[in-house]
Amino acid sequence: MTAQDAEELDVEEALAVANDRAVQGPMEPRPSRETPVPGRSEEHRAKGDSPHGDTSWPEARAIAERAARTAGRRAPVSVTVDQALGLVLAAPLTALTDLPSFDTSAMDGWAVAGPGPWAVREDGVLAGHADPGRLTDGEAVRIATGARIPPDTTAVLRSEHGLTDDKGRLHPTRDLVHGQDIRPRGQECRHGDQLLPLGTQITPAALGLAAAAGYDTVTVLPRPRVELLVLGDELLTDGLPREGLIRDALGPMLPSWLRALGAEVTAVRRLGDDADALYRAVKKSSADLIVTTGGTAAGPVDHVHSILRRVGAELLVDGVKVRPGHPMLLARTKQDQHLVGLPGNPLAAVSGLFTLAEPLLRTLAGRPAPEPYAVPLREGVHGHPYDTRLVPVGLRGDDAVPLHYNGPAMLRGIATADALAVVPPGGARLGQALELLDLPWATAGIQVCFT
């Protein structure tokens, strides 16, 4: 067990407008440390420190957002429509054609010309077929939904609203209005109309709209690239825990979680407690974000701080007033690269994801912050005397139910949770409304696709 485990008891400017809509927590002024940490920025010393050296939870999230905004510009990329789910448009989506691009039938039935009754042609008009012949007054032709309307058609008579007599003539069973059940060309949009603005996150419906408007590819901001470095000599990758060794939970869990947050995980490296291997991995990485697990405290094999000093990183957050997970950290390793150091305990690592990785990745991807919301508690929750707590909850009707097994090393509670409740210092009483952080797959949103 490490000391950390013990402690656990242009395009960019336009896209930033959407992020600025987020409601941020209050920024609390705090005195700086008596002894500055090497590499710690002046901004962090002025704004981020508490008397105990930790940054408040709301301010830590705000620092992560600001860090992403000051990173180097990420060039837009062109991707095929079927690869764009969850990405953010880096250019407005404008119609490449009228929609629909020709007059079409909105229903199965008959295209008719002039007043009835009508003589019915023997042939019919199907969707996707060549131009239909022109109709003359008193004439009708069978037509399928989506088929091109013959020239001089007056209206479409639905199948259920027409009857044929013994001479094969078609009669309406109700009044027919001129243009009825015809979708005119350009009804939805005209060529050049803006369909979706820059900064729109692409949903399945947006994919369909892009395809209908004639797009094969769209211009988007790329997914932030993440390398995951799993630290710890005590971790097993298979079998049962034995002889003081434990199964690695973070290696299997974090890549999928990071993908659900919109990242592209380019590598997962298991480095044990080898400081030189960690230094080489950080130095070589070209990812937008490096995520480490464990090693952020001050134990004999906690190397993250020393490695950050070796690479000349700027420490932006060094400890957060949140439980579990307060030994987490955020550093700028290069102008266009950051490192998030997560605690080694599993639920503490989840707390670090929500506190530092999520706002940073979301901002890099150009996605707006989710609208905050609060739900009343069905039970009271104990709080830490000074720190925020993040507690797994299940949603039951209009209430949030705190889940058991919510210790720093436990995943049993979060595995069945819908969200994390933000519990203020001192705790929360029965019926008190708390802000919830949705798990990325619990909202049934696009992130559930993990693409």
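In this structure, R378 contributes its side chain and L395 its backbone to no donor-acceptor pair below 3.5 Å.
Taking the side chain to side chain contact (heavy atoms under 4.5 Å, CB included) definition, one finds that S285 meets it with E227, A287, I290, Q337, sequence neighbours left out. Remark: V375 pairs with Y373, A400, L436 by the side chain to side chain contact (heavy atoms under 4.5 Å, CB included) rule, at least two apart or across chains. T266 pairs by the side-chain hydrogen bond (donor to acceptor under 3.5 Å, both in side chains) definition with nothing, not counting sequence neighbours. By the side-chain hydrogen bond (donor to acceptor under 3.5 Å, both in side chains) test, T145 pairs with D108, sequence neighbours left out. Residues satisfying the side chain to side chain contact (heavy atoms under 4.5 Å, CB included) criterion with A106, sequence neighbours excluded, are D181, R183. When the salt bridge (Lys or Arg N to Asp or Glu O under 4.0 Å) test is applied to R185, the partners found at least two apart in sequence or on another chain are D98. Residues meeting the side-chain hydrogen bond (donor to acceptor under 3.5 Å, both in side chains) test with R396, sequence neighbours left out: none. In this structure, the side chain to side chain contact (heavy atoms under 4.5 Å, CB included) partners of D387, at least two apart in sequence or on a different chain, are K321, R323, H384. E379 meets the side-chain hydrogen bond (donor to acceptor under 3.5 Å, both in side chains) test with no other residue; sequence neighbours excluded.
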Cut-off 3.5 Å, no hydrogens considered: what does the side-chain donor-acceptor table look like for residues 405-415, sequence neighbours left out?
| unit_1 | atom_1 | unit_2 | atom_2 | d |
| --- | --- | --- | --- | --- |
| Y405 | OH | R412 | NH1 | 3.4 |
| N406 | ND2 | L403 | O | 3.1 |

For a quick test of your reading: what N or O donor-acceptor pairs under 3.5 Å do the side chains of residues 349-361 make, sequence neighbours left out?
| unit_1 | atom_1 | unit_2 | atom_2 | d |
| --- | --- | --- | --- | --- |
| S351 | OG | P324 | O | 2.7 |
| T355 | OG1 | W57 | NE1 | 2.9 |
| T355 | OG1 | S351 | O | 2.8 |
| E358 | OE1 | R362 | NH2 | 3.3 |
| E358 | OE2 | R362 | NE | 2.8 |

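Nearest heavy atoms, T333 versus L308: CG2-CD2, 4.1 Å. Between T296 and P327 the shortest heavy-atom distance is OG1-O, 3.0 Å. A147 and L126 make their closest contact through CB-C, 3.5 Å (heavy atoms, listed as atom of the first residue, atom of the second, distance). Looking at every heavy atom in both residues, L89 comes nearest to P197 through CD1-O, 3.8 Å. In terms of heavy atoms, Q187 sits closest to P100 at N-CD, 3.7 Å. Scanning both residues, V226 and L258, for their nearest heavy atoms gives CG1-CD1, 3.9 Å.
Interatomic distance, L245 CG to T237 OG1, rounded to the nearest 0.5 Å: 11.0 Å. The CG atom of L228 lies 8.5 Å from the OG1 atom of T292; values are rounded to the nearest 0.5 Å. In this structure, T70 OG1 and E65 CD are separated by 12.0 Å, a value rounded to the nearest 0.5 Å.
By the neighbour-count criterion of 12 heavy atoms within 6.0 Å, atom CG of D398 is sparsely surrounded, having that number or fewer from other residues, nucleotides or ligands. Within a 6.0 Å radius of CZ in R429, no more than 12 heavy atoms belonging to other residues, nucleotides or ligands are found.
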Evaluate V220 against V77 for side chain to side chain contact (heavy atoms under 4.5 Å, CB included), listing each step before the verdict.
CA-CA 6 Å; V220 295; V77 296; 3.9 Å; yes
With salt bridge (charged side-chain N to carboxylate O under 4.0 Å, His left out) as the test, would you mind laying out the steps for R332 and E314 before giving the verdict?
CA-CA 5 Å; R332 181 181 290 114; E314 179 186 14; 2.5 Å; yes
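Legend: salt bridge (Lys or Arg N to Asp or Glu O under 4.0 Å) pairs involving residues 211-221, not counting sequence neighbours: none detected.
Just one residue in the list L250, L254, L231, V304 forms a side-chain contact (heavy atoms from CB on, under 4.5 Å) with L342, and that residue is L254.
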